Novice: 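I'd like to ask you about the structure that follows.
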Amino acid sequence: MKILSKYLLLFLAFAQINSCKKFLDVNTNPNLPTSPPINGLLTRVTQNVALNVYRVGNITSYYVQYLASPNPDSPTDTYDRIDASGTWTSLYDNMTDIYDLEKMARGLGATQYQGVAKVLMAMDLHLVHNLWGAAPYTEAFSLETFTPKYDDATSIFQKCISLLDEGIALLQQPGSKITIPTATGINPDLIHKGSTAAWLRTAHALKARLLNQLSKTSQYNTANIFTALASAYTAAGQDAAVTTFNIRNPWAQAAVNNAAQSLDVWLSEYWVNQMRDTATFVNPDPRLPLIASRTKPAFANAGYPYIGTRNGKGRVGTGTTMDESYLSTTGYYSSTSSPLFIITYEEVKFIEAEVAFRTNDKPRAYAAYLEGIRANMNKLGVQAASRDAYVNHASVSVGAAALTLQNIFREKYRALFLMPVTWDDARRFDYQYPFFQLPLNVKTTTFVRRLVYPSVEISRNGTNVPAVADVTEKLWWDKP
């Protein structure tokens, strides 16, 4: 596996202290020679965990029809088997770095760094689990074998939970011999700037996400989810996100590439229609202009300034004349300095809404549902009057007694644009979104449920790779 050679490269890089030079100035104590590399490594892994959310989202956003390919019969659009070797490699490369970070922190008695490393490992490992299920973990980073065994999917999931619990316990320990700098400006922690309280909130939010993923299984425990939520985000602005990039937010880079006619990040007809509300012609979403590009004036003058691309069909225009809408180069999620979100306050509110609904606490569910909508609109900068007009419409403000899971999942889908967790939700909800349909030219008879294992893994560790019958094969947590 590539992760093993990557480990050796990192060892040599740290021995020479070359890969972290630009971060050396965050520590000036000559008596702590190991501090610069640990901070350089922290910077690397906190940025890459967010970039991995983007990489996974750039696959799953086609499956939930946020995005559509401009090319007809595209493999991702049509549920053909895709080779996600690049994403697999990026996830394992970063987990190798996180493994190194945790090991280094343990040797230094730096329990705060250890706790952060545990939480970061859970983030990446959970993404692997949600795409592929079973995966190497127990033997993946120790250099004892070049063909590590696969841990089964349920074990991987439980490891993610235990990593979060271990991270929480470490973060709560006093007396970390080295602590993450908290100064503004250049800071090695690109997610929470060294704030232990923020990392604890994020760990609990992630735990609530994972526990809620079990809604189809006998392991689903609403009391445990409520316990995690009680220590998670309590206000807007507490999100886990990265805003530091080598050049720009990767969604922004994709939008810039598209503007240069590389044909990327085209918006799905389904998502655009839902945001325009053309299914019912009642309540257009004010977030649409803050995300999408407008079509050419001829269409706009006809009252259709936003037009999506049907998944599997491909473009109807040339791709260069604004016949359809794309992710805007100045949009909230895709401008140069846009945040790259890992988990957010509004997601926590929608988790609360779902769990409260399932426990028949309709008033709590309804309040959390409305707060999730408002929080996301406030984040995007929707004008108060437009926000309130949307929220107060009868199709949204249905009242606690009439609230349904479909209301909650629909609004969560709109608020968590481009986030990989929405594919987990789609599978838990069996794709029962209003008017959601299979793509054109689809290669299967039902919706996609997983990825096949990538060629980079099959070529290096093929004897251990589990057989996958089809991309419609459900993972363990997706089965009733």
Side-chain angles (χ1 to χ4, degrees), residues 56-57 59-61 63-65 79 122-123 125-135 151-164 204-229 232 343 347-362 364-365 368-369 372 403-413 415-416 419-434 436-438 444-452 466 468-480:
V56 174
I59 297 171
T60 63
S61 289
Y63 295 155
V64 296
Q65 297 182 19
Y79 304 164
M123 290 178 182
L125 186 61
H126 187 231
L127 291 172
V128 171
H129 165 271
N130 290 351
L131 295 181
W132 290 285
D151 298 76
D152 66 78
T154 55
S155 297
I156 292 286
F157 185 86
Q158 291 305 320
K159 185 60 182 178
C160 292
I161 296 290
S162 65
L163 283 166
L164 292 173
H204 286 289
L206 289 165
K207 187 173 180 180
R209 173 194 277 177
L210 267 65
L211 293 174
N212 195 44
Q213 187 176 344
L214 301 177
S215 61
K216 284 185 173 182
T217 77
S218 61
Q219 299 178 40
Y220 192 63
N221 188 312
T222 56
N224 289 345
I225 303 172
F226 280 132
T227 298
L229 289 172
I343 188 166
E347 180 181 342
V348 165
K349 299 312 292 184
F350 283 113
I351 293 171
E352 180 185 354
E354 180 183 345
V355 180
F357 180 91
R358 292 184 187 277
T359 56
N360 204 34
D361 187 347
K362 293 289 191 70
R364 180 175 180 178
Y369 155 82
L403 184 69
T404 66
L405 275 178
Q406 188 172 86
N407 295 137
I408 296 168
F409 275 84
R410 180 195 69 201
E411 293 300 332
K412 186 180 181 184
Y413 170 85
L416 271 57
M419 294 288 287
V421 72
T422 57
W423 190 36
D424 309 335
D425 287 345
R427 289 176 284 179
R428 289 195 303 117
F429 197 47
D430 291 318
Y431 288 87
Q432 296 300 304
Y433 295 106
F436 200 93
Q437 57 186 330
L438 289 168
T444 64
T445 57
T446 187
F447 294 107
V448 62
R449 300 285 181 163
R450 60 160 303 143
L451 297 189
V452 297
V468 177
D470 189 73
V471 295
T472 61
E473 179 183 292
K474 292 185 178 183
L475 298 175
W476 70 275
W477 53 269
D478 189 21
K479 299 175 182 178

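We use all heavy atoms of the structure for the numbers below, so side chains are in, but hydrogens, waters and symmetry mates are not. In this text the structure is predicted, and so the values were computed from the model without any measurement.
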Novice: I'd like to know if the side chain of Glu411 and the backbone of Gly372 have a donor-acceptor N/O pair within less than 3.5 Å.
Specialist: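 Flag not set: sc Glu411 to bb Gly372 has no pair under 3.5 Å.
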Novice: Testing the basics here: between Ala134 and Ala153, what is the closest heavy-atom pair and its distance to 0.1 Å?
Specialist: N-CB, 3.6 Å
Novice: So which heavy atom on Thr446 is nearest to which on Thr444, and how close?
Specialist: O-OG1, 2.6 Å
Novice: Please lay out, stage by stage, how Gln219 and Trp477 fare under the test side-chain contact (heavy atoms from CB on, under 4.5 Å).
Specialist: CA-CA 9 Å; Gln219 299 178 40; Trp477 53 269; over 6 Å; no
Novice: Does any N or O in the side chain of Arg427 come within less than 3.5 Å of the main-chain N or O of Trp423, such that one atom is a donor and the other an acceptor?
Specialist: yes
Novice: Roughly how far apart are Phe409 CZ and Arg428 CZ, rounded to 0.5 Å?
Specialist: 4.0 Å
Novice: Please check: side-chain N/O of Tyr79 versus main-chain N/O of Thr445, any donor-acceptor pairing under 3.5 Å?
Specialist: no
Novice: Looking only at heavy atoms, what is the nearest atom pair of Pro420 and Gly57, with distance?
Specialist: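 Looks like CG-N, 3.6 Å.
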Novice: Does the side chain of Leu210 reach to within under 4.5 Å of the side chain of His126, using non-hydrogen atoms?
Specialist: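 Of all side-chain heavy-atom pairs linking His126 with Leu210, at least one is under 4.5 Å.
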Novice: List the steps and the verdict of side-chain contact (heavy atoms from CB on, under 4.5 Å) for Phe157 and Asp152.
Specialist: CA-CA 9 Å; Phe157 185 86; Asp152 66 78; over 6 Å; no
Novice: Okay, side chain of Gln65, backbone of Gln437: is any donor-acceptor separation there less than 3.5 Å?
Specialist: yes
Novice: Does the Asn407 side chain pair with the main chain of Thr404, one donor and one acceptor, at a distance under 3.5 Å?
Specialist: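 Checked: pair present.
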Novice: How many angstroms lie between CD1 in Ile343 and NE2 in His204, if you round to the nearest 0.5 Å?
Specialist: 12.5 Å
Novice: When the aromatic ring centroids of Phe436 and Phe447 are compared, is their separation below 6.0 Å?
Specialist: yes
Novice: When you compare the side chain of Ile351 with that of Phe226, does any pair of heavy atoms fall below 4.5 Å?
Specialist: no
Novice: Run the salt bridge (Lys or Arg N to Asp or Glu O under 4.0 Å) check on Lys412 and Asp425 step by step: do they pass?
Specialist: CA-CA 9 Å; Lys412 186 180 181 184; Asp425 287 345; 3.0 Å; yes
Novice: Between Phe429 and Gln406, what is the shortest heavy-atom contact and its length?
Specialist: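 Answer, listing the atom of Phe429 first, then Gln406: CZ-CA, 3.7 Å.
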Novice: If you measure from OG1 on Thr154 to CG on Leu475, what distance do you get to the nearest 0.5 Å?
Specialist: 11.5 Å
Novice: Can you list everything that forms a salt bridge (charged side-chain N to carboxylate O under 4.0 Å, His left out) with Asp430? Sequence neighbours excluded, please.
Specialist: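 Listed in chain order: Lys216, Arg449.
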Novice: Counting only N and O atoms by type, is there a donor-acceptor contact under 3.5 Å from the side chain of Trp132 to the main-chain atoms of Arg450?
Specialist: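 Flag not set: sc Trp132 to bb Arg450 has no pair under 3.5 Å.
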Novice: Are Leu229 and Ile225 close enough that some pair of their side-chain heavy atoms sits under 4.5 Å apart?
Specialist: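 Yes, side chains in contact.
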Novice: With the side chain counted from C-beta on, respond yes when Arg209 and Asp424 share a heavy-atom pair under 4.5 Å apart, and no when they do not.
Specialist: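 The answer is no, as the side chains (C-beta and beyond) never meet within the 4.5 Å cut-off.
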Novice: Got a second to check how far Leu163's CG is from Gln158's CD, nearest 0.5 Å?
Specialist: 11.5 Å
Novice: Determine whether a donor-acceptor pair (N or O, by modelled atom type, separation under 3.5 Å) exists between the side chain of Thr60 and the backbone of Tyr63.
Specialist: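 A pair under 3.5 Å: no.
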Novice: Can you tell me how far OG1 of Thr217 sits from CG of Asp478, rounded to the nearest 0.5 angstrom?
Specialist: 11.0 Å
Novice: Between Asp470 and Thr472, do the side chains contain a donor N or O and an acceptor N or O under 3.5 Å apart?
Specialist: yes
Novice: Of all the heavy-atom pairs spanning Asn212 and Tyr220, show the shortest one and how long it is.
Specialist: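 The answer is OD1-OH, 2.7 Å.
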Novice: For Asn221 and Leu211, run side-chain contact (heavy atoms from CB on, under 4.5 Å): C-alpha distance rounded to whole Å, both residues' side-chain angles, the deciding distance at 0.1 Å, then the answer.
Specialist: CA-CA 7 Å; Asn221 188 312; Leu211 293 174; over 6 Å; no
Novice: Supply the atom-to-atom distance Leu214 CG to Thr222 OG1, rounded to the nearest 0.5 angstrom.
Specialist: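 With rounding to 0.5 Å, CG (Leu214) is 12.0 Å from OG1 (Thr222).
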Novice: Looking at every heavy atom in both Ile156 and His129, which two are closest together, and how far apart are they?
Specialist: CG2-CB, 3.6 Å
Novice: Checking side-chain polar atoms at under 3.5 Å, does Thr227 have a donor or acceptor matched by the opposite partner on Asn224?
Specialist: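 On atom types as modelled, these side chains do not qualify, holding no pair under 3.5 Å.
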Novice: Run the side-chain contact (heavy atoms from CB on, under 4.5 Å) test on Asn360 and Lys362 for me, step by step, so that the C-alpha distance in whole Å, both residues' side-chain angles and the decisive distance to 0.1 Å come before the verdict.
Specialist: CA-CA 5 Å; Asn360 204 34; Lys362 293 289 191 70; 4.2 Å; yes
